[in-house]
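Shown next, in structure tokens, is the structure this report addresses.
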Amino acid sequence: MRIFKSLHASWAHCTTGLCMGTALATGPLLLCLSTPALAAGDDASLDALEQQISRIQSEQRALQKALVSVQKQIAAHRTVAHAGNAAAHHGAGGAHQIASLEAADHEAGIAVASAEHGEEANSTRPAHFGGNGHLRATGPDAQPSFSGMEDTPTVESVVGHRAEDVISRLAENGVGPHSRETAGAQAAGALGDHGVFHMGPVTLILGGFIDASAVEANRHTASGTFNFWQATPFKNEPRYHTDNFDGSARYSRLSLMARGNVDKYSTISGVFEMDFGAGAATTDAYESNSYAFRLRQAYLAYDNSKENFHFLAGQAWSMLTPGRVGIIPRQESLPETIESSMLAGQTWSRQLQFRFVKDFLNHRLWTGLSIENSATLYSLNNFTAGSSDGQVVLPTGQTVTVGSDGTGLTNNALFPNEIAPDVIGKIAWDPHWGHYEVEGILHFPHDRVSTLGGGKNHTAVGGGGGGSMILPVIPHKVEVRLAGLAGYGIGRYGSVLLPDATLKSNGAPSPLFSLQGTAGIIAHPNPLIDVYGYFGYQQAGRSYFSEGGQAYGYGNPAYNNTGCYTELSGNCAAGSNIHSVMEATVGAWYRFLKGRYGTVEAGVQLAYSRIHAWDGNGGAPDTSLSELFMDFRYLPFQ
């Protein structure tokens with residue numbers, strides 16, 4: 001109150017109005033307050049004056065925010081224009097301008113946020129404008145922006161503010177990155193535009209969602225929204241004849257990305273992604289439903305646009321997983337389905353890898369080599385168990401060791417012997433229409449055959465090849481996806497998890513033939529709705545031998561299937577000798593709430609699966625599974 005009395009004494013000559021000079025980004029602005037004549041000690045008049053000043057200060061902040069928004073739009077428009085001109089000539093300048101646009105969006109966003117909190121738009125992290133109207137980003141987390149000339153950016157990092165967006169703009173393949181609200185993007189780990197924080201030169205980006213999903217199925221599979229097709233009951237089991245409802249929030253997800261600029265050409269980033277999908281010894285379905293926190297992804301990525309080189313180390317989606325653009329993380333082409341097992345025949349794995357990628361022709365041609373963690377999934381039908389887990393006894397009496405149970409900090413499950421990592425190569429091509437990939441893999445199943453006093457190691461060579469494509473029938477509206485993989489000893493790379501190998505009569509690994517493929521059509525009729533339909537297929541070959549009247553191996557025609565159609569009959573080997581699994585599914589997502597608070601969406605999916613066993617004594621049984629999936633999901637960062 002004393003301050004206002006002092007002001008009144010100083011401006012006594014203005015009895016009907018009070019004039020105050022303020023400064024905005026556009027220059028001085030004279031604000032005049034019409035107030036009643038102020039008399040000494042007139043508290044009511046002083047209160048009225050204080051309220052008007054407060055109102056004007058609020059309007060000033062709003063004007064600052066509006067001004068920064070307009071300046072941001074002008075800068076973005078001009079930068080896009082420059083980027084378009086550069087891209088038309090296929091020059092590296094296109095990458096420069098787009099990275100400059102990302103920095104402009106980022107810094108202007110900070111300025112707007114500052115204005116919302118009553119700060120000057122050019123306070124701690126200013127967004128300066130040069131004489132030509134281009135936004136120049138400054139501050140500890142900004143990209144380098146100019147070298148001498150006002151309109152000549154030297155930013156060359158293709159990773160910029162959002163790696164996947166920048167590269168897809170350069171590629172112009174009609175496919176583009178995932179829309180981040182789509183389930184396919186969420187599965188891949190794509191990050192949104194909210195939840196971005198800055199700690200000096202490092203940017204932290206939050207991701208994830210709260211998920212409430214459920215399934216109604218006509219068989220009791222006890223696997224929730226995760227389909228483990230090999231456990232689908234045949235008619236001999238009571239579970240075949242009863243339906244099942246199951247739901248949980250266990251697939252809710254959290255992710256964090258930390259990113260920093262090494263120099264004007266390169267960026268380093270690290271990603272964590274976790275959910276609660278793992279079961280634990282203390283989990284129960286009656287009271288606590290306390291599922292275990294589990295690691296999905298944890299990797300670092302280095303990108304250098306001067307050399308067009310990209311490196312990834314850590315646990316991430318296998319490079320065999322189909323992609324949408326280039327060979328980059330968080331842009332894997334994954335189904336929009338609700339089921340957490342995604343789709344029968346889908347090629348994928350999440351595992352440790354060291355990935356080396358080089359791109360050419362202005363980010364249109366990509367080549368990649370990935371050294372990835374290996375694992376062999378064995379089928380050991382009818383072999384007698386050895387003295388420890390991971391051992392079986394041959395008809396000759398020899399012991400075969402294919403692995404051992406985990407010890408120490410590793411879970412008590414079978415871990416196979418592996419002599420070498422899997423070696424994966426991929427070539428990706430992004431012309432002006434569509435995305436195309438070809439890939440190959442080498443895998444080396446390994447075991448040891450022992451007798452008393454000695455033994456022999458055996459190593460087989462498996463592997464195969466395949467590819468994928470995305471055809472943007474109506475760019476960013478309707479797309480067709482096709483993918484497939486075939487080879488020997490690579491069944492674990494499919495969602496059905498059919499075996500990779502069995503044993504020969506001498507105990508050596510026998511890689512099984514594997515074939516898997518998917519086809520889908522996905523439509524985005526408007527920004528709020530996604531509609532999809534998929535067909536997936538996966539099959540395993542057979543390898544077997546018989547000795548002493550006993551059948552061994554996988555798919556042996558001497559296996560007993562005579563009781564597969566009789567309830568409570570134990571004579572059914574079909575469940576451990578699956579030949580093929582087919583799934584057809586349709587579904588849709590609707591985003592019924594979307595704003596600065598994030599996105600809330602609901603989804604529904606209908607799925608039908610059919611499982612065929614290898615023929616044996618009693619025929620080739622089959623079974624089926626029909627499911628209705630439902631999901632509500634809140635994405636606060638999308």
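Each residue takes its place number in the sequence, starting with 1.
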Write down the atom of [X], the atom of [Y], and the distance for their closest heavy-atom approach.
| X | Y | result |
| --- | --- | --- |
| Arg330 | Ala190 | O-CB, 4.0 Å |
| Arg296 | Ala187 | NH2-O, 3.4 Å |
| Ser379 | Thr502 | O-OG1, 2.9 Å |

If we count only N and O atoms by modelled type, under 3.5 Å, do the side chains of [X] and [Y] hold a donor and an acceptor together?
| X | Y | value |
| --- | --- | --- |
| Thr337 | Glu339 | no |
| Thr242 | His220 | no |
| His310 | Asp303 | yes |
| Thr376 | Glu418 | yes |
| Asp422 | His443 | yes |
| Gln398 | Ser450 | no |
| Asn382 | Tyr544 | no |
| Ser543 | Ser510 | yes |
| Glu372 | Gln351 | yes |

Is it true that atom [atom1] of [X] has more than 12 heavy atoms of other residues, nucleotides or ligands lying nearer than 6.0 Å?
| X | atom1 | answer |
| --- | --- | --- |
| Lys456 | NZ | no |
| Tyr302 | OH | yes |
| Tyr299 | OH | yes |

Could you tell me whether a side-chain N or O of [X] sits under 3.5 Å from a main-chain N or O of [Y], the two making a donor and an acceptor?
| X | Y | value |
| --- | --- | --- |
| Ser318 | Leu320 | yes |
| Thr623 | Ile611 | no |
| Trp589 | Glu336 | yes |
| Asn381 | Ser576 | yes |
| Arg355 | Ala313 | no |
| Thr399 | Val393 | no |
| Ser609 | Glu583 | no |
| Arg219 | Tyr240 | yes |
| Asn244 | Ala217 | no |
| Asn577 | Gly555 | yes |

Are [X] and [Y] ion-paired here, with the side-chain N under 4.0 Å from a carboxylate O?
| X | Y | value |
| --- | --- | --- |
| Lys235 | Asp622 | no |
| Arg481 | Glu479 | yes |
| Lys426 | Glu437 | yes |
| Asp275 | Arg294 | yes |

How about [X] and [Y]: are their ring centroids closer than 6.0 Å?
| X | Y | result |
| --- | --- | --- |
| Tyr534 | Tyr532 | yes |
| Tyr552 | Phe383 | yes |
| His435 | Trp429 | no |

About how many Å separate [atom2] of [Y] and [atom1] of [X], when rounded to the nearest 0.5 Å?
| X | Y | atom1 | atom2 | result |
| --- | --- | --- | --- | --- |
| Ser333 | Gln346 | OG | CD | 7.0 Å |
| Glu216 | Met630 | CD | CE | 7.0 Å |
| Ser580 | Leu498 | OG | CG | 8.5 Å |
| Ser468 | Tyr436 | OG | OH | 11.0 Å |

State, yes or no, whether a side-chain contact exists between [X] and [Y] at a heavy-atom distance under 4.5 Å.
| X | Y | answer |
| --- | --- | --- |
| Gln297 | Gln315 | no |
| Leu369 | Val423 | yes |
| Ser290 | Phe276 | no |
| Val271 | Pro329 | no |
| Asp211 | Arg253 | no |
| Trp348 | Tyr493 | no |
| Ser624 | Tyr608 | yes |
| Gln186 | Leu334 | no |

Verdict with reasoning, Gln391 to Ser387, per side-chain hydrogen bond (donor to acceptor under 3.5 Å, both in side chains): CA-CA 7 Å; Gln391 291 184 341; Ser387 60; 2.9 Å; yes

Evaluation steps, side chain to side chain contact (heavy atoms under 4.5 Å, CB included), between Thr401 and Asp447: CA-CA 6 Å; Thr401 302; Asp447 69 11; over 6 Å; no

Ring-face cation contact, Tyr291 with Arg250, 6.0 Å cut, 45° max: yes

Cation over ring face, Arg542 and Tyr554, 6.0 Å, 45°: no

Reference residue Glu439; test side-chain contact (heavy atoms from CB on, under 4.5 Å); the match among Ile427, Leu485, Thr321, Ile327: Leu485

Audit row: Arg324, Asp430, salt bridge (charged side-chain N to carboxylate O under 4.0 Å, His left out) steps and yes/no: CA-CA 9 Å; Arg324 293 184 62 82; Asp430 289 293; over 6 Å; no

